[in-house]
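Heads up, the thing below is written out as structure tokens.
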Protein chains: 2
Amino acid sequence: MSNTGNDHHVQLPQEQAGALPRLHHFSLDPFCRRVRLTLAELGVAHELVDESPWLQEERLLALNPAGEVPVWVEPDGTLAAGIYAVTEHIEETRTEAATSLLGTHPAQRAEVRRLLSWFDGRFYMEVSAPVLMEKGIKRLLPQGMGGGAPDTRVLRTAAERLAQHLDLIGRLAEERGLLGGPQLTLADLAAAAHLSVLEYLDALRFHDNEAAKTWYQRIKSRPAFRPLLADRVKNLPPPAIYAALDF
Amino acid sequence: MSNTGNDHHVQLPQEQAGALPRLHHFSLDPFCRRVRLTLAELGVAHELVDESPWLQEERLLALNPAGEVPVWVEPDGTLAAGIYAVTEHIEETRTEAATSLLGTHPAQRAEVRRLLSWFDGRFYMEVSAPVLMEKGIKRLLPQGMGGGAPDTRVLRTAAERLAQHLDLIGRLAEERGLLGGPQLTLADLAAAAHLSVLEYLDALRFHDNEAAKTWYQRIKSRPAFRPLLADRVKNLPPPAIYAALDF
């Protein structure tokens with residue numbers, strides 16, 4: 001299945017891999033989006049391989065028995081599976097102290113990782129995962145395999161939780177400049193990746209939270225975001241606002 | 001509430017903290033157990049502060065808005081909240097390449113982190129969390145707050161999942177010597193921490209999985225494990241086998 005415009009189906013086994021590392025991803029997975037933003041910010045060239053993790057295909061399970069994306073495969077076969085391993089592998093192999101997106105001193109790095117846990121854990125469970133299931137996966141799956149109309153009650157609860165999380169985002173942005181401090185960190189990329197998935201699925205509403213909206217506009221305007229804004233998932237078109245920077 | 005024999009209630013605010021770092025923990029939380037094993041393996045002196053995260057007390061929420069343990073507080077006030085931040089903070093500030101418990105080269109470190117995601121995610125959700133709720137927290141909570149008798153159906157499902165995870169553990173131990181390779185890594189400490197929580201709650205059964213049992217005996221026999229085996233949670237005594245090394 002072809003998910004995105006950035007379609008590079010690499011069929012070679014690991015040992016025959018080419019010169020570029022490969023990111024196995026699903027366009028609307030917020031963790032994969034964060035990794036793509038990270039790679040773009042760091043300028044790490046790579047190939048994208050589309051996956052449909054909900055189908056639990058053998059190819060993906062062979063790379064990651066958990067059946068989850070992202071999976072990162074180096075040209076020498078080195079494999080990092082899952083958002084935790086991929087994040088820290090890229091940190092360890094592609095950044096220096098001065099370029100790290102985790103921050104510059106231990107207290108900031110711990111705080112950024114705390115925020116990553118928050119967005120990867122609580123935000124994902126309360127907002128991204130239910131929205132992605134109801135408005136995304138259910139529309140991609142055939143009816144007999146769990147496809148169908150979204151559950152509006154689930155979406156309403158997710159929208160309430162989103163408002164609370166946007167309050168947190170707005171407060172952090174006002175206090176610190178950006179979420180993990182004055183300079184860009186993975187906390188910004190993680191939160192913006194989640195919001196961009198919601199935006200693609202027409203489930204992002206800021207209401208009157210200007211601080212959160214301003215912060216998101218700032219991250220969304222970065223050049224690293226452009227490839228994400230060009231993504232189009234087959235049978236799942238985004239709303240017009242999705243690619244707009246002056247929303 | 002006093003949970004364990006290792007009881008050091010430090011009431012000082014951060015800026016008056018003493019010379020030792022503090023680990024805020026709950027004795028039967030598998031993530032806290034892994035951190036304690038890590039600190040013992042690395043020889044990092046610290047104080048323990050008992051927490052009861054299910055009560056969502058202000059003191060803990062002030063340290064970690066997610067309300068979760070472990071939380072690590074350095075004498076200078078540097079704070080790492082949640083298992084991800086604590087793990088990587090200790091890795092970055094307390095180990096060298098030669099002593100790292102994540103492994104020696106990028107491929108191994110990525111594999112160890114994949115296994116940590118597996119045990120922290122899937123194993124926790126399918127086994128540790130339901131067992132801890134049904135056989136632990138429910139017995140510590142008053143009836144009006146969710147306390148009561150364990151749900152045997154939940155426990156049966158968890159036991160089935162445990163058998164599958166033990167198959168994985170046994171296979172890895174047979175193939176590699178230990179879970180993340182021939183030498184000790186955080187993958188061993190994570191898995192053993194989960195199993196030791198089950199053992200305390202009398203929910204650990206190896207059936208005929210000798211490979212998994214041998215691996216667990218090996219990790220449980222390490223000196224780093226001794227403080228855990230001395231833990232006793234009030235109103236929740238462990239079975240006799242809990243502290244035995246020749247089980």
task: Assess whether side chain to side chain contact (heavy atoms under 4.5 Å, CB included) is satisfied between E88(A) and E88(B), documenting all intermediate values.
output: CA-CA 9 Å; E88(A) 297 293 332; E88(B) 298 292 333; 3.6 Å; yes
query: Heavy-atom count around E58(B) CD within 6.0 Å, excluding the residue itself: above 12?
result: no
message: Report, in residue-number order, which members of residues 162-174 of chain A are under 4.5 Å from chain B by heavy-atom distance.
response: none
message: Just verifying a value: how many Å separate Y84(B) OH and I83(A) CD1, rounded to the nearest 0.5 Å?
response: 8.0 Å
- request: Select one option (side chain, backbone, both, neither) describing which atoms of E68(B) are under 4.5 Å from chain A's heavy atoms.
  value: side chain
task: Just jot down the side chain to side chain contact (heavy atoms under 4.5 Å, CB included) partners of A81(B), sequence neighbours excluded, or say none.
output: R114(A), N64(B), V71(B), L79(B)
Shortest non-hydrogen contact from A85(A) toward A110(B): CB-O, 3.6 Å
- request: Enumerate by number any residue of residues 89-107 of chain A whose heavy atoms lie under 4.5 Å from heavy atoms of chain B; in the absence of such residues, state 'none'.
  value: H89(A), E92(A), T93(A), P106(A), A107(A)
field: Within residues 175-196 of chain A, residues adjacent to chain B where the heavy-atom gap is under 4.5 Å
entry: none
- prompt: Which heavy atom of A66(A) sits nearest a heavy atom of W118(B), and at what distance?
  reply: CA-CZ3, 3.7 Å
